[in-house]
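Here's the structure we're looking at; comments come further down.
Residue numbers count from 1 along this sequence. Every number for a ligand or one of its atoms is a count from 1 in the order of the listing.
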Amino acid sequence: MKPLVMVTGGTGYIGSHTAVELIQEGFEVVIVDNLSNSKHEVLNGIEAITGVMPHFENFDLCDLKRLRKCSEKYPRLEAIVHFAALKAVGESVDIPLDYYHNNFESLINLLRIMGDYSIPNMVFSSSCTVYGQPDHLPVTENSPVKKASSPYGNTKRVSEEIIQDAIRANSTIRAISLRYFNPIGAHPSANIGELPLGVPLNLVPYLTQTVIGKREELRVFGNDYNTPDGTGIRDYIYVVDLARAHVIALKRLLESKNKKPYEVFNLGTGKGYSVMEIINTFEKATGEKVKFKIYPRRPGDIDAVYADTTLANKELGWKAETSLEQTLFTAWNWEKALNNKK
Ligand code: NAD
Ligand code: WQD
């Protein structure tokens, strides 16, 4: 019998790519999502790639009663991969209570049912945002966790603490937090990808929307950073490589390969690219021209951040494999596929 796994936020961007990898690796997947930031059609994309329609439960994880019912419906659940969260940094400044309510309540409810229904394992979506502007680059897992610059960032920092406290109080549960750097790109089939609702905040979807003609020009936020070309440097990780890491982390928990009940891993490529390098590599990968203009810095942005991935390489045996050029090519194919659907 296939191991049964709950994927919260599984119709979202990273969750859908992970659901695909899990199904392809022989897992049975139950997606729980309230579709607050994703669409039901994503399930068809997952089925088109894998040939399997995952179980789908549409409800809000803040609803503990409903979550309990779900756990009773799937008594064989062995693990939870927890993606569901609100994630827009700027929005979290405007509606902090909604962010704290959604991201904490859903996590606390999941930790409760893990204890109550003997679901021992969790893989948690954390973020490099917990490091703030790091003092040293690349960032290792031992770099200090800094005071968050947004309520969103704070939910990730505190969520990691909540998980550790829950584990201290209940020795039957174990978890791995994965700190993502900047996930980009889409499945090579272009059946699933990122679906930004409204104007995208992140660089790559804004760039692809500019090239397809939905946006007038890409605004490059600042060229006076302390970096070689003056534009901000980030560690862009291909979403499918990221998804694969979740399967490995999950297997590590299920096979009890790690002795520690709680572990943290950085998931990045280990290499930083500037905004200008992203633009140039996109043009090279696709043959398309990117119209851009230099704008003032975006408040809150930092010069540079990229991961030290030694721990994930060594302990998980995982490494980002896809080149930036290939990755940006998938992002462009996805943008074109989205445009054809309309
Ligand atoms: P996403 O918005 O595409 O996916 C999240 C999904 O969770 C959505 O489908 C949404 O409908 C669902 N959801 C939210 N609250 C819910 C609730 N209370 N009940 C049920 N469903 C709920 O986001 P994503 O980019 O796939 O991010 C997934 C996770 O990774 C998030 O926890 C995010 O904070 C984290 N993360 C994302 C990035 C990034 O740049 N995308 C970087 C670091 C960490
Ligand atoms: C990347 C670079 C911008 C848009 C965010 C969250 C972080 C994490 C990942 C969840 C920066 C520049 C951007 C644009 C630009 N998410 N840029 N023009 O800010 O590194 O991280 O997503 O945990 O918490 O803050 O990603 O894609 O917004 O920006 O020039 O239109 O691109 O200044 O240098 P960021 P991003």
Test of proximity, [X] against ligand 2: N or O pairs below 3.5 Å:
X	result
F221	yes
V220	no
N202	yes

Which residues pass the salt bridge (Lys or Arg N to Asp or Glu O under 4.0 Å) test with E28, sequence neighbours left out? R76
Around atom CG of N226, are there more than 12 heavy atoms from other residues, nucleotides or ligands closer than 6.0 Å?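 Open.
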Need the list: ligand 1 N/O atoms against protein N/O atoms, distance under 3.5 Å, rounded to one decimal.
residue	atom	partner	partner atom	Å
ligand 1	2 (O)	N37	ND2	2.7
ligand 1	3 (O)	Y13	N	2.8
ligand 1	9 (O)	G12	N	3.4
ligand 1	9 (O)	D33	OD1	3.2
ligand 1	9 (O)	D33	OD2	2.6
ligand 1	9 (O)	S38	OG	2.7
ligand 1	11 (O)	D33	OD1	2.6
ligand 1	11 (O)	N34	OD1	3.4
ligand 1	11 (O)	S36	N	3.0
ligand 1	11 (O)	S36	OG	3.2
ligand 1	11 (O)	N37	N	2.9
ligand 1	15 (N)	N102	ND2	3.1
ligand 1	18 (N)	D60	OD1	2.9
ligand 1	18 (N)	N102	OD1	2.8
ligand 1	19 (N)	L61	N	3.0
ligand 1	21 (N)	N34	N	3.1
ligand 1	21 (N)	N34	OD1	3.1
ligand 1	25 (O)	K87	NZ	2.8
ligand 1	26 (O)	Y13	N	3.2
ligand 1	26 (O)	I14	N	2.8
ligand 1	32 (O)	F83	O	2.8
ligand 1	32 (O)	K156	NZ	2.9
ligand 1	34 (O)	Y152	OH	2.6
ligand 1	34 (O)	K156	NZ	3.1

Interfacing atoms of ligand 2 (cut-off 4.0 Å, heavy-atom, [X]):
X	answer
S127	10 (C), 23 (O), 24 (O)
T129	24 (O)
R298	3 (C), 4 (C), 13 (C), 19 (O), 28 (O), 29 (O), 36 (P)
Y236	1 (C), 2 (C), 32 (O)
L201	4 (C), 28 (O)
G232	34 (O)

By side-chain contact (heavy atoms from CB on, under 4.5 Å), which residues pair with T310, not counting sequence neighbours? D308
Set of residues satisfying side-chain contact (heavy atoms from CB on, under 4.5 Å) with respect to L35, sequence neighbours excluded: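 With sequence neighbours excluded, L35 shows a side-chain contact (heavy atoms from CB on, under 4.5 Å) to T11, D33, S38, H40, F56, N58, given in chain and number order.
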If you measure from each non-hydrogen atom of [X] to ligand 2, which part falls under 4.0 Å: side chain, backbone, both or neither?
X	value
N182	side chain
D301	side chain
V275	side chain
R219	backbone

Looking at ligand 2, is there an atom of it that comes within less than 4.0 Å of some heavy atom belonging to Y152? yes
Could you identify the single nearest non-hydrogen protein atom to atom 6 (C) of ligand 2 and state the distance to 0.1 Å? V89 CG2, 3.7 Å
Ignoring hydrogens, just give me the one of R215, K87, R179, R234 whose non-hydrogen atom is nearest atom 20 (O) of ligand 2. R234
Tell me which one of I233, L203, V305 gets a heavy atom nearest to atom 13 (C) of ligand 2.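 Among I233, L203, V305, the closest heavy atom to atom 13 (C) of ligand 2 belongs to L203.
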Can any side-chain N or O of D235 pair as donor or acceptor with the backbone N or O of G270 at less than 3.5 Å? yes
For the pair [X] and [Y], find out whether any cationic side-chain nitrogen is under 4.0 Å from an anionic carboxylate oxygen.
X	Y	result
R234	D303	no
R179	E141	no
R68	D116	yes
R244	E321	yes
R157	E161	yes

So among F27, Y180, F124, W318, which one has a ring pair (Phe, Tyr, Trp, His ring centres under 6.0 Å) with H246?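 For H246, the ring pair (Phe, Tyr, Trp, His ring centres under 6.0 Å) test succeeds with only one of F27, Y180, F124, W318, which is Y180.
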Distance to the ring centre below 6.0 angstrom and angle to the axis at most 45 degrees; does that hold for [X] and [Y]?
X	Y	value
R297	Y225	yes
K271	Y273	yes
R66	F59	yes

